Undergrad: 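Mind looking over this structure? Questions follow.
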Amino acid sequence: NAGVMQNPRHLVRRRGQEARLRCSPMKGHSHVYWYRQLPEEGLKFMVYLQKENIIDESGMPKERFSAEFPKEGPSILRIQQVVRGDSAAYFCASSPGAGADTEAFFGQGTRLTVV
Amino acid sequence: AQSVTQLGSHVSVSEGALVLLRCNYSSSVPPYLFWYVQYPNQGLQLLLKYTSAATLVKGINGFEAEFKKSETSFHLTKPSAHMSDAAEYFCAVSKRDGGFKTIFGAGTRLFVKA
């Protein structure tokens, strides 16, 4: 049973370009969460999705960021018109349920560098 | 609002010595508490979690943590450090009333000296 798969592992974008980060949850998991980790900081919650629905996007910046989890295919975190401050590690996690005590399994992250 | 404070961004211990990583939380409702470990260039792995059963929780790799409500603490310990324990450790809290907006601390990097 493969774990949470994120790709690419490393992504370099010039300022103003778009970044698309992909996350394939573990088999059987229908809940996906995205977190951002800035250098020397903990993980900051961004968004929680179930299949085809955004459940909680309270941690998402209001502009340029969007997320989706379609019926088929991976979850996508999209950052439009990237800026240097978007440089960070973005982690995806998945779980089989939504209970607050449910363990989430993390991917290895995508490290975005904006030059 | 919930929050987590990890005291000490860096902790250094000798191999074989006690490991103590401190975590204090703030929550308006009884929380669930977690410790995760992150090895370089890896995702986070769950070490242990507290969900209101026993206050002393045992996890993987010989780690354990004790929930102390009076101190709002959930410190992580291991009796004897091993070189392979060198990593970053994150304390996290989530609310019991559903959802998964887990709040993570800033992390503590553990160094183990030979």
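Just so it is clear: chains get the letters A, B, ... in the order the sequence lines come, proteins before strands, and each one is counted from 1. Everything quoted here is computed from the prediction, not taken from an experiment. Note: hydrogens, waters and symmetry copies are ignored here, and every other heavy atom, side chains too, is used.
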Undergrad: When you look at CZ of A/R64, are more than 12 heavy atoms from neighbouring residues, nucleotides or ligands closer to it than 6.0 Å?
TA: yes

Undergrad: State whether the number of non-hydrogen atoms from other residues, nucleotides or ligands found under 6.0 Å of A/E18 atom CD is greater than 12.
TA: yes

Undergrad: Drop me the distance from A/Y35's OH to B/F104's CZ, to the nearest 0.5 angstrom.
TA: 5.0 Å

Undergrad: Is A/Q6 in contact with chain B via its backbone, its side chain, both, or neither, using a 4.5 Å heavy-atom distance?
TA: neither

Undergrad: Considering non-hydrogen atoms only, spot the tightest contact between B/Q42 and A/F91 and give its length.
TA: O-CE2, 3.6 Å

Undergrad: Give a yes or no on whether A/V114 and A/M60 share a hydrophobic cluster (residues Ile, Leu, Val, Met, Phe, Trp, Tyr; joining criterion: side-chain heavy atoms under 4.5 Å apart).
TA: yes

Undergrad: What part of B/Q45 gets within 4.5 angstrom of chain A, counting heavy atoms only: side chain, backbone, both, or neither?
TA: neither

Undergrad: Is it possible for you to say whether A/Y33 and A/M46 belong to one hydrophobic cluster, with membership spreading through side-chain heavy-atom contacts below 4.5 Å?
TA: no

